[in-house]
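In what follows, every heavy atom counts, from backbone to side chain, and hydrogens, waters and symmetry copies are set aside. Per chain, numbering begins at 1; letters A, B, ... match sequence-line order. Because the structure is a prediction, the values reported are computed rather than measured.
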There are 4 protein chains.
Amino acid sequence: MSIQTAPDKRSRILEAATTVFANTGFHASRVQDIAEQAGVAKGTIYLYFRNKEEILLSIFQSYFDALLDLIDSFQQAQMTAEQIIDALVQQQVKNAIVNPKILQLLGRRPLPAETAGGGRIEAYHRHVLDRLSSFLAEGIRLGQVRSFTPRIGANILYSIILSIPQHLAFYPEDSLERSFPKLVEEVACFAWAGVRKEES
Amino acid sequence: MSIQTAPDKRSRILEAATTVFANTGFHASRVQDIAEQAGVAKGTIYLYFRNKEEILLSIFQSYFDALLDLIDSFQQAQMTAEQIIDALVQQQVKNAIVNPKILQLLGRRPLPAETAGGGRIEAYHRHVLDRLSSFLAEGIRLGQVRSFTPRIGANILYSIILSIPQHLAFYPEDSLERSFPKLVEEVACFAWAGVRKEES
Amino acid sequence: MSIQTAPDKRSRILEAATTVFANTGFHASRVQDIAEQAGVAKGTIYLYFRNKEEILLSIFQSYFDALLDLIDSFQQAQMTAEQIIDALVQQQVKNAIVNPKILQLLGRRPLPAETAGGGRIEAYHRHVLDRLSSFLAEGIRLGQVRSFTPRIGANILYSIILSIPQHLAFYPEDSLERSFPKLVEEVACFAWAGVRKEES
Amino acid sequence: MSIQTAPDKRSRILEAATTVFANTGFHASRVQDIAEQAGVAKGTIYLYFRNKEEILLSIFQSYFDALLDLIDSFQQAQMTAEQIIDALVQQQVKNAIVNPKILQLLGRRPLPAETAGGGRIEAYHRHVLDRLSSFLAEGIRLGQVRSFTPRIGANILYSIILSIPQHLAFYPEDSLERSFPKLVEEVACFAWAGVRKEES
DNA sequence: AATGAATGAGCTTTCATTCAT
DNA sequence: CATGAATGAAAGCTCATTCAT
């Protein structure tokens with residue numbers, strides 16, 4: 001029926017949900033809205049997701065899976081802490097420009113009490129923080145990184161990464177293509193400056 | 001009725017709402033819960049607040065009013081950028097330990113579209129960012145601060161500040177009194193390192 | 001506001017629900033119907049009952065409470081088995097004429113699997129059966145009643161009682177006032193004949 | 001696909017539905033459940049039945065057809081009222097032990113208003129009652145049966161029959177094989193005692 | 001004939017808000 | 001001022017039924 005590429009319905013729903021959630025926020029989004037955006041009936045959504053929350057969790061999951069894969073690739077490539085920071089920032093800026101909505105949605109760490117998905121989102125964040133902590137600890141060991149508490153540094157680094165989409169939402173002028181390298185460079189520079197070992 | 005000091009009812013409700021919101025999140029909190037926590041009847045709340053959202057906005061307002069006052073005091077005291085960062089971090093860590101719940105609640109920047117209060121929260125964040133930008137611009141002018149785009153630096157700085165309560169939620173062990181100075185020192189050091197002008 | 005007697009709202013809802021359930025059956029009755037019948041808003045119902053099922057259970061409860069009270073009174077009055085049967089039949093016919101709808105509703109024993117209210121209805125029936133069994137056992141001991149398994153006799157007796165409203169639903173002509181004594185007499189006679197000890 | 005005898009699909013569905021309905025009750029049973037139990041696809045069911053209700057009606061129909069056939073056989077065999085009662089009770093006890101679930105399902109007379117199948121079930125019950133009435137009237141004419149209103153006696157007799165599965169559900173110990181003759185004997189005796197003409 | 005993905009009407013229930021007392 | 005019973009809009013979710021394959 002559709003001449004367009006017809007990606008599987010589950011993806012269509014996820015895409016639609018991302019748009020709707022990002023535009024309206026999770027709570028204000030009605031399942032009906034997602035259905036309309038996806039061009040399917042309300043009931044169809046429940047063939048692919050147990051409930052509204054599962055849709056949100058799926059979105060988070062894809063994002064975090066990609067992020068954790070990226071981080072794993074750092075490890076395999078034996079990148080230095082500085083390279084890692086550069087790569088993370090670059091990736092995040094890129095994502096934030098391509099998918100501003102979803103990144104804004106994802107950047108919000110949940111309240112501990114809003115145990116969305118029984119704490120699954122919190123668990124994802126914790127994974128990322130753990131990996132970042134490891135990198136920093138390794139960097140300290142190798143003398144690339146200033147000596148500080150890794151988990152504190154990791155949290156700050158992570159916040160900086162997550163703030164990028166927020167920044168672009170506040171200052172849309174920085175989303176322009178020509179601003180891209182400058183933004184990446186400045187953010188990465190800031191982050192690295194906070195981390196690196198002073199050269200004596 | 002109460003022999004105790006009876007702070008005006010509005011404050012009681014605000015305090016109660018802060019507790020309830022922080023424990024359960026805004027959407028999952030029922031007005032009835034707030035009323036019970038405050039020891040008033042549900043209807044009474046509507047004598048002091050137009051609706052549930054207004055309560056949240058009032059909480060935000062107090063927080064931001066205090067924060068902006070604090071920032072104003074920096075200006076009056078003609079503090080250097082480094083001192084400002086120190087003071088901000090110290091204040092935030094202090095608050096986060098005293099009122100962990102509310103700070104976590106407040107630290108979440110809204111989605112642009114969740115026009116809570118018609119964008120009033122966004123406006124508050126923008127105020128803070130503007131002031132921080134000014135400080136950084138001034139610092140650049142004075143040669144204390146590395147030369148970068150102030151609004152970018154301000155956003156990063158602000159994210160770092162806002163991440164503190166999240167950090168403490170993830171790592172409760174850092175909330176202990178004896179961890180306090182170390183946490184302040186490390187965060188401030190990180191932030192300042194990202195900002196300061198390299199000594200040639 | 002209302003000039004009529006204003007029985008407490010809970011009762012109004014129960015009465016309305018009885019009518020609606022009896023007319024339409026439990027499953028086909030919408031809460032909205034009950035609300036309309038009771039002249040209250042849908043939400044009001046949930047101030048008095050946890051959910052739709054609780055309404056049904058309340059109806060059952062009142063009926064069974066009255067029935068069990070009646071049965072208790074038999075015991076206190078030291079009535080003979082024959083008198084008890086007479087009284088039960090008479091009461092049931094009376095009720096079935098006054099409240100045909102509710103009695104038809106109540107006469108349906110639930111499927112074991114439809115554990116409405118977690119088996120509370122089944123428990124009520126069991127109570128009644130237990131009492132009837134006791135009476136029969138006592139009657140056997142006293143030589144008034146033929147010697148048979150009390151629980152079997154009790155079940156039959158109970159079925160006869162419960163069949164009365166069904167009978168009147170099938171044969172409305174027997175609901176006429178003048179038919180009343182005849183119906184009572186015939187049913188009681190049948191039941192007693194099945195129970196009594198043959199005079200040798 | 002199946003090597004086993006493949007009884008026609010319609011029967012398979014009916015059997016499955018009987019199981020499912022009996023286990024869960026009509027309303028709580030999903031068409032999907034029936035399909036799974038029958039090992040067919042949901043859509044297939046609609047090739048054989050107009051809708052879910054039609055399945056239930058078919059089940060009732062088979063039961064009543066058999067019952068009415070049985071009753072017809074009484075007439076042809078010129079059985080006395082006592083023999084008829086004996087036979088009915090015996091058949092019902094037998095059925096109730098073999099198919100306890102379905103009999104419990106069937107034993108529930110519908111609310112007049114639950115016009116299941118537009119009153120078709122009610123019509124079946126009415127058929128049975130009419131036949132029983134005839135037998136009793138004939139028995140009265142022949143002097144075997146006490147003189148009473150046939151339709152009243154028929155209703156009571158029918159209730160007794162229908163109560164048997166309920167009894168067995170309440171007292172599973174009476175379903176044991178060795179209890180069988182006693183149960184039949186006691187129920188039939190009770191019923192016959194209510195009916196028979198007193199010997200002067 | 002058989003399938004099962006898709007549909008959407010319709011249900012129960014919640015809870016912010018109102019207002020008569 | 002304070003109350004809390006009453007309201008009813010609104011939303012998530014189910015499942016009987018359809019129909020393209």
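- A heavy-atom distance below 4.5 Å is found between the side chains of B/V31 and B/Y46.
- Across all strands, A/Y48 comes closer than 4.0 Å only to sugar-phosphate atoms, never to a base (heavy-atom distances).
- For the pair C/K9 and F/dA6, the criterion of a side-chain N or O lying under 4.0 Å from OP1 or OP2 is met.
- Each of B/V40 and C/V40 lies near DNA chain F, and the nucleotide nearest B/V40 is the one positioned closer to the 5' end.
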Exercise for review: Report the secondary structure of DNA chain E in dot-bracket form, marking unpaired bases with a dot and bases paired to a different strand with |, and treating Watson-Crick or G-U pairs with both distances under 3.5 Å as paired.
Suggested key: .||||||||||||||||||||
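- Here E/dT7 presents its C1' atom at 14 Å from CZ of A/R12, a figure rounded to the nearest Å.
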Practice item. For A/R120 and A/E53, run salt bridge (charged side-chain N to carboxylate O under 4.0 Å, His left out): C-alpha distance rounded to whole Å, both residues' side-chain angles, the deciding distance at 0.1 Å, then the answer. Key: CA-CA 11 Å; A/R120 271 159 62 188; A/E53 193 180 38; over 6 Å; no
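- In this structure, D/I45 places its CD1 atom 13 Å from P of F/dT18, rounding to the nearest Å.
- Of the N and O atoms on the side chains of B/S62 and B/D65, not one donor lies less than 3.5 Å from an acceptor on the other residue.
- One can place CZ of B/F49 at 14 Å from P of F/dC1, the figure rounded to the nearest angstrom.
- The A/A41 side chain lies nearest to E/dT7 when the options are E/dT3, F/dG8, E/dT7.
- A donor-acceptor pair shorter than 3.5 Å can be found between the side chains of B/Y124 and B/Q61.
- Atom-to-atom distance recorded for A/T19:OG1 and A/I102:CD1 is 9.0 Å, nearest 0.5 angstrom.
- The distance between the ring centers of C/F64 and C/H125 falls below 6.0 angstrom.
- With a 6.0 Å cutoff to the six-membered ring centre and a 45° limit on the axis angle, C/K52 counts as a cation-pi contact of C/F26.
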Check your understanding: What string of B, S and - do you get for nucleotides 10-16 of chain F, 5' to 3', when a contact is any protein heavy atom under 4.0 Å?
Key -> BSSBBSS
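- Distance check: A/T44 OG1 to A/K42 NZ gives 11.0 Å after rounding to the nearest 0.5 Å.
- Between the CD1 atom of C/I34 and the P atom of E/dC11 there is a distance of 12 Å, given to the nearest Å.
- Comment: B/R10 does not engage B/E15 in a salt bridge, judged by the lack of any side-chain N to carboxylate O separation of less than 4.0 angstrom.
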